[in-house]
Amino acid sequence: MHNAFFEIRKPVNEPIFTYAKGTPQREELTRKLAEMKKDTLEIPCIIGGKEIKTGNMGQCVEPHNKSNILANYHIAGPGEIKMAIDAALCAKREWENMPWEHRVAIFLKAAQLISTKYRMTLNAATMLGQSKNAYQAEIDSACELIDFLRFNAYFLSEIYKEQPLSVPEHWNRVEYRALEGFVAAVTPFNFTAIAGNLNASPAICGNTLVWKPSSTSVYSNYFVMRIFQEAGLPAGVINFVPSKGVEFGEIVFRHPELAGIHFTGSTQVFKTMWKTLGENIENSKYYPRLVGETGGKDFVFAHKSADVTALATALICGSFEYQGQKCSAASRAYIPRSIWPEVEAKLKDSVAKIKVGDVSDFTNLVNAVIDANAFNSIKSYIEHAKASSDAEVIIGGGCNDSKGYFVEPTVIVAKKHDYKTMLEEIFGPVLTVFVYDDKDYEETLAICAGSCSYALTGAIFSQDRNEISRMERALVDAAGNFYINDKPTGAVVGQQPFGGARGSGTNDKAGSKLNLYRWISARSMKETFNPPVSFEYPFMK
């Protein structure tokens with residue numbers, strides 16, 4: 001019997017371990033890395049709570065040491081994808097009718113397991129499989145994923161409290177139901193936390209899912225799935241099906257019971273999904289919810305009054321941490337000519353001190369890009385800049401894939417504001433700078449605001465409050481996450497809800513209540529205590 005309204009304590013963000021030399025966390029993580037590098041896992045599909053082995057195998061390798069195989073995983077084919085949909089639909093009724101506090105408890109337990117028992121396992125898996133250094137893994141696969149799970153539980157309890165006004169003769173209520181049908185989660189390689197959250201946020205609201213992880217993050221994502229299971233997630237609520245994108249899309253996006261897609265990935269892939277759903281809408285039972293966080297060409301715009309040291313540091317960290325493989329990474333910068341010589345000198349001095357290499361060497365800030373496709377794509381942009389009369393590579397530019405997929409931190413100076421690398425997403429450790437004449441400040445602000453098809457993150461630098469206000473207004477639609485005197489990366493759950501518009505997505509703000517609303521279907525109810533007994537109104541007499 002339910003005879004109380006259960007409350008969730010408002011969370012605080014998970015503390016971040018530094019992994020500084022001599023700390024016990026560094027020693028523990030180092031041991032875990034060595035242990036996991038030696039073992040080669042066999043990763044099955046997980047459908048309806050059961051391990052399914054297809055025999056069609058893929059490999060998980062270390063991007064920084066591509067000869068080392070971390071795992072062999074079973075690739076789901078059409079039969080397994082259909083099986084996963086059936087499992088999600090079969091589990092749906094019982095899951096959505098489970099009292100909400102029990103659904104929430106599963107994900108709160110998962111957060112606690114990650115915070116303690118599995119912290120080093122998940123961090124090591126992310127470091128090895130996605131080539132993240134210790135700190136980047138910690139803020140991702142530990143802290144951010146824990147925060148997503150805890151804050152989602154809290155946000156859901158707050159949503160459930162939201163009720164309409166009532167009057168003495170009527171009691172008005174709103175019930176927050178799950179969506180009908182199933183939800184598809186299509187997750188990226190670059191953040192383990194995003195992969196977990198794209199599943200957990202619809203599931204906590206009562207939805208069941210079919211999960212297609214990125215082929216280059218199956219390793220860490222498998223551990224996330226296992227943690228959810230250990231926390232008590234019932235069979236069929238989330239179905240883990242590593243699969244080929246074309247086969248997955250052909251079956252899932254045309255299924256009449258598809259209720260929504262939770263996606264992070266490329267803009268073009270999301271457009272293709274949208275087009276497929278539109279073409280198939282006559283066969284769909286619902287209007288599927290499309291929630292996507294896609295590409296970015298994120299800017300840093302500096303005024304002549306900017307603190308040069310802070311600006312240069314933001315460019316380094318925003319552009320080169322995790323090899324620039326963040327949708328939020330600083331990729332284009334607009335620097336006034338009056339301060340450019342000092343900024344350039346600081347960039348060159350800082351980049352010269354950056355070490356590139358294996359994640360097991362904690363002195364390396366930059367590691368490998370994710371795979372051969374990424375390496376070749378990034379290299380092609382750098383080679384284009386080297387050969388172009390409209391650009392100059394002033395820092396870095398080296399690429400070496402003999403052992404792993406290593407690209408040096410690279411800075412390009414574009415002589416035109418519409419040069420290729422000022423407009424196109426590269427998704428690598430490449431920053432392009434356009435140096436503008438101070439007198440062209442207003443014009444360049446307008447170029448920054450309107451020249452790009454993306455609008456995810458952006459940052460401004462100035463010590464003049466009038467100019468901060470001016471830039472904030474001029475760039476109002478250019479970024480969904482806007483930073484003042486800081487790098488455009490590092491959004492924290494509960495503090496900076498994340499998402500952008502234009503070609504960067506639907507701006508449904510992961511890390512806030514706004515995202516959870518997308519996985520809820522509200523039902524308004526009105527109960528009348530003394531209903532009318534005659535159709536005659538006073539005006540009729």
Side-chain angles (χ1 to χ4, degrees), residues 13-39 60-70 114-146 189-193 216-217 219-220 223 313-326 329 349-371 374-375 396 398 400-410 428-429 487 489-490 492:
N13 294 107
E14 178 72 5
I16 301 170
F17 290 157
T18 65
Y19 298 98
K21 190 173 182 179
T23 60
Q25 292 85 14
R26 180 171 175 144
E27 293 176 5
E28 186 181 357
L29 182 56
T30 300
R31 286 194 300 270
K32 183 58 71 172
L33 285 167
E35 171 192 320
M36 294 177 69
K37 286 176 78 166
K38 293 178 184 176
D39 296 332
C60 303
V61 301
E62 296 182 54
H64 44 271
N65 183 17
K66 58 186 181 180
S67 64
N68 190 43
I69 300 171
L70 298 166
I114 296 167
S115 179
T116 53
K117 181 179 178 181
Y118 291 112
R119 192 186 200 107
M120 298 306 164
T121 298
L122 207 49
N123 280 350
T126 300
M127 291 173 70
L128 295 173
Q130 288 137 271
S131 202
K132 288 199 172 189
N133 63 41
Y135 183 74
Q136 291 295 312
E138 168 72 8
I139 60 176
D140 168 22
S141 50
C143 297
E144 186 170 28
L145 182 51
I146 292 164
F189 78 84
N190 57 339
F191 282 91
T192 304
T216 45
S217 62
Y219 187 60
S220 66
F223 287 104
T313 301
L315 291 172
I316 293 289
C317 296
S319 302
F320 304 138
E321 286 184 333
Y322 192 43
Q323 298 78 262
Q325 295 175 125
K326 301 181 181 183
D349 181 62
S350 294
V351 174
K353 299 173 184 175
I354 292 175
K355 289 183 63 181
V356 180
D358 194 301
V359 297
S360 298
D361 181 349
F362 282 29
T363 65
N364 293 326
L365 175 69
V366 174
N367 309 112
V369 298
I370 193 65
D371 62 11
F375 176 86
N400 188 327
D401 63 347
S402 58
K403 182 178 181 181
Y405 304 108
F406 294 105
V407 178
E408 290 179 349
T410 299
K487 60 184 171 65
T489 66
V492 177

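Note that the structure is a prediction, hence the values are computed from the model and not measured.
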Mark yes or no for whether Gln325, through its side chain, and Ile370, through its backbone, hold a donor-acceptor pair below 3.5 Å. yes
Under 3.5 Å side-chain donor-acceptor pair for Thr489 and Glu321: no
Within-4.5 Å side-chain heavy-atom neighbours: Phe223 and Thr192: no
Asp401 side chain near Lys66 side chain, heavy-atom distance below 4.5 Å: yes
Can you confirm whether Tyr19 sits close enough to Leu29 that some side-chain heavy atom of one is under 4.5 Å from a side-chain heavy atom of the other? yes
Check the side chains of Asn68 and Glu62 for a donor-acceptor pair under 3.5 angstrom, ignoring hydrogens and angles. yes
Sequence neighbours excluded - salt bridge (Lys or Arg N to Asp or Glu O under 4.0 Å) pairs with any residue from residues 360-370: Lys355-Asp361
Side chain to side chain, Tyr135 and Ile16, heavy atoms closer than 4.5 Å: yes
Within a strict 4.5 Å, meaning less than it, do heavy atoms of the Cys143 and Val492 side chains meet? no
CD1 of Ile316 to CD1 of Ile354: how many Å apart, nearest 0.5 Å? 4.5 Å
Salt bridge present between Glu138 and Arg119 (N-O < 4.0 angstrom): yes
Side chains of Pro429 and Val369: does their closest heavy-atom pair fall under 4.5 Å? yes
Any idea how Tyr322 and Phe191 line up, ring-wise: parallel (<30°), tilted (30 to 60°), or perpendicular (>60°)? perpendicular
Quick one: does any side-chain atom of Asn400 pair with a main-chain N or O of Phe406 as donor and acceptor, under 3.5 Å? no
Between the side chains of Lys32 and Glu35, is the shortest nitrogen-to-carboxylate-oxygen separation below 4.0 Å, so that they form an ion pair? yes
Exceeds 12 heavy-atom contacts within 6.0 angstrom, atom CZ of Phe362: yes
With a 4.5 Å heavy-atom cut-off, do Ile139 and Glu144 have their side chains touching? no
Between Asn364 and Val359, is there a donor-acceptor pair closer than 3.5 Å when you use the side chain of the first and the backbone of the second? no
